[in-house]
Chemist: 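Sharing a structure below in structure tokens format, with a few things to ask.
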There are 2 protein chains.
Amino acid sequence: MLTKWLNNMANNKKDQTTEQRILQAAKKVFIHKGMAGARMQDIADEAGINKAMLHYYFRSKEKLFEVIFREAISNFVPRLHAIFAMRNSLFEKIQVFCREYINVLSENPYIPLFVVNEANKQPYEFLNTMFGNQKPDLSGLLLQIEEEIQKGIIKPISPAQLLLNMMSLCIFPFLGRPIWKFLSGMDDLQFNFLMQQRNDEVASFVINSIKK
Amino acid sequence: MLTKWLNNMANNKKDQTTEQRILQAAKKVFIHKGMAGARMQDIADEAGINKAMLHYYFRSKEKLFEVIFREAISNFVPRLHAIFAMRNSLFEKIQVFCREYINVLSENPYIPLFVVNEANKQPYEFLNTMFGNQKPDLSGLLLQIEEEIQKGIIKPISPAQLLLNMMSLCIFPFLGRPIWKFLSGMDDLQFNFLMQQRNDEVASFVINSIKK
DNA sequence: GTCTATAACTCGATAGAC
DNA sequence: GTCTATCGAGTTATAGAC
């Protein structure tokens, strides 16, 4: 057990357990090709093992996919819930929303494409599973926006549009990354720098737009 | 020929040629399931014809996909090029950019997911084909932003971030549509209304944020 | 042009030796 | 635990009658 744990700590391929190598390979292949496009053979090749081993460890392609997916969102969804449940001033909320969102996605840059694809195929079923049958409650935030407009603190704007704007600004770059790199000619290093910079700037961009 | 043309004009299924019905069905299925997830049987069923007819008209699944895709972007890409090539004031440019972008995508709401997916699989090859080996030139717009900041017309902002913001605000809603519908509880009608409203509001949102 | 039947192939899954 | 070999379901693609 200790040996296994020690092995787990090493990132070196040779020191990884087969199970870990499979998980790492599957993640990569599923992200690039999606559930339908991914082949067990691709995953086996990527992991440098035999196809039969995949079934030995995870029984089926579907189960393997599920493990990957649950691991990916297990850390992600609670943080989303937390963001929507916060009780701060609107400007603070916007700041935390953007920072947390971009941080979470920077750590898991493949999640947006993954989620967007599955959600497009099986919206209700997939998203329900993803959010553990408990969808984040937007109404608190939407109501707060409404109130701040009434009070004259921010400029009039449709609360739904404002929230959609925030989501767009935080999520899109991770979906459009290859397109942006192609158009701008940036390399990975430059793109990552852009994302880091963005972490500070997005909230300001939103707040600048609505503050009086 | 005239008869065929007249047939083309009718949207009624019975008056369409088999070829048209296949294309329409294929579009629908490919959008919902992606290239890998789509089944020729699904397309045949959707078109109300036999599977063999698909091959009679388009030889292979790959060729059919290609036809759908080329048709989809043939109208799309030139308009993108035009947007970047415009010679107006920055605020006018932002307005046209957002309006044109959202208009184009409202007419082809499936393109973003399509492009984002393909671009993630084969960035360079795919995007080059898509843009006809002639990538839109961002530098004009980026330079103009730089200049307006120097002149003190707009607040300081990284030109790249500003452009990425505009793209995010215009494109993301079409990718995140099912997620947004799930979270907000909106139906298709409400969502489409949101997009129409957005057409007017996005440019204002951007301009509000950067104008002094 | 359209259909039925079936060949050819891909891919997930399993059996069984080591 | 790991491998090779192979099965069987599901799919793309084609042959051939009408």
Chemist: From the options D:dT12, C:dT2, C:dA13, select the nucleotide whose nearest atom is closest to the side chain of B:Tyr56.
Modeler: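 Closest of the options to the side chain of B:Tyr56: C:dT2.
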Chemist: Would you say B:Leu90 and B:Ile207 make side-chain contact, with heavy atoms under 4.5 Å?
Modeler: no
Chemist: Quick one: is B:Arg39 getting a side-chain N or O under 4.0 Å of the D:dG10 phosphate, OP1 or OP2?
Modeler: no
Chemist: Rounding to a whole Å, what distance do you find between B:Gln41:CD and C:dT10:C1'?
Modeler: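 Rounded to the whole Å, the gap is 17 Å.
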Chemist: With respect to the phosphate group of C:dA13, does any side-chain polar atom (N or O) of A:His55 fall under 4.0 Å of OP1 or OP2?
Modeler: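 Yes, within the criterion.
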Chemist: Classify the angle between the aromatic ring planes of B:Tyr101 and B:Phe76 as parallel (below 30°), tilted (30 to 60°) or perpendicular (above 60°).
Modeler: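 B:Tyr101 vs B:Phe76 ring planes: perpendicular.
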Chemist: Choosing from D:dA13, C:dG12, C:dT4, which nucleotide comes nearest the side chain of B:Ala52?
Modeler: C:dT4
Chemist: Do the ring planes of B:Phe69 and B:Phe126 sit parallel (below 30°), tilted (30 to 60°) or perpendicular (above 60°)?
Modeler: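 B:Phe69 and B:Phe126: tilted rings.
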Chemist: What's the CZ-P distance between A:Arg59 and D:dG1, to the nearest Å?
Modeler: 16 Å
Chemist: Using OP1 and OP2 only, check whether a side-chain N or O of A:Thr18 sits under 4.0 Å from D:dT2.
Modeler: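 For D:dT2, OP1 or OP2 has a side-chain N or O of A:Thr18 closer than 4.0 Å.
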Chemist: Would you mind classifying the nucleic acid contact of B:Ala38 as base, sugar-phosphate or nothing, using non-hydrogen atoms under 4.0 angstrom?
Modeler: sugar-phosphate
Chemist: How many Å lie between CD on A:Glu19 and P on D:dG1, as a whole number?
Modeler: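 Result: 9 Å.
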Chemist: Do B:Lys181 and B:Asp187 pass the salt bridge (Lys or Arg N to Asp or Glu O under 4.0 Å) test, and can you show the C-alpha distance, the side-chain angles, and the key distance before you say yes or no?
Modeler: CA-CA 7 Å; B:Lys181 279 176 65 186; B:Asp187 59 23; over 6 Å; no
Chemist: How many whole angstroms separate atom CG of B:Asp45 from atom C1' of C:dC3?
Modeler: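 The distance from CG of B:Asp45 to C1' of C:dC3 comes to 15 Å, rounded to the nearest Å.
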Chemist: Grab the NZ-C1' distance between A:Lys61 and D:dG8 for me, whole Å please.
Modeler: 17 Å
Chemist: Using the closest heavy atom to pick a nucleotide of DNA chain C for each, name whichever of A:Met40 or B:Met53 lands nearer the 5' end.
Modeler: B:Met53
Chemist: Does the Lys NZ or Arg CZ of B:Lys27 fall within the cation-pi geometry relative to B:Tyr110 - under 6.0 Å from the ring centre and within 45° of the axis?
Modeler: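 No.
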Chemist: Output the rounded distance in Å from CD (B:Gln20) to P (C:dG1).
Modeler: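 Taking CD of B:Gln20 and P of C:dG1, I get 12 Å after rounding.
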Chemist: Roughly, in whole Å, what's the span from CG in B:Asn50 to P in D:dT12?
Modeler: 13 Å
Chemist: May I ask you to evaluate whether A:Tyr57 reaches the phosphate of D:dT2, defined as a side-chain N or O under 4.0 Å from OP1 or OP2?
Modeler: yes
Chemist: Rounded off to whole Å, could you give me the CZ-to-C1' distance for the A:Phe58 and C:dT14 pair?
Modeler: 18 Å
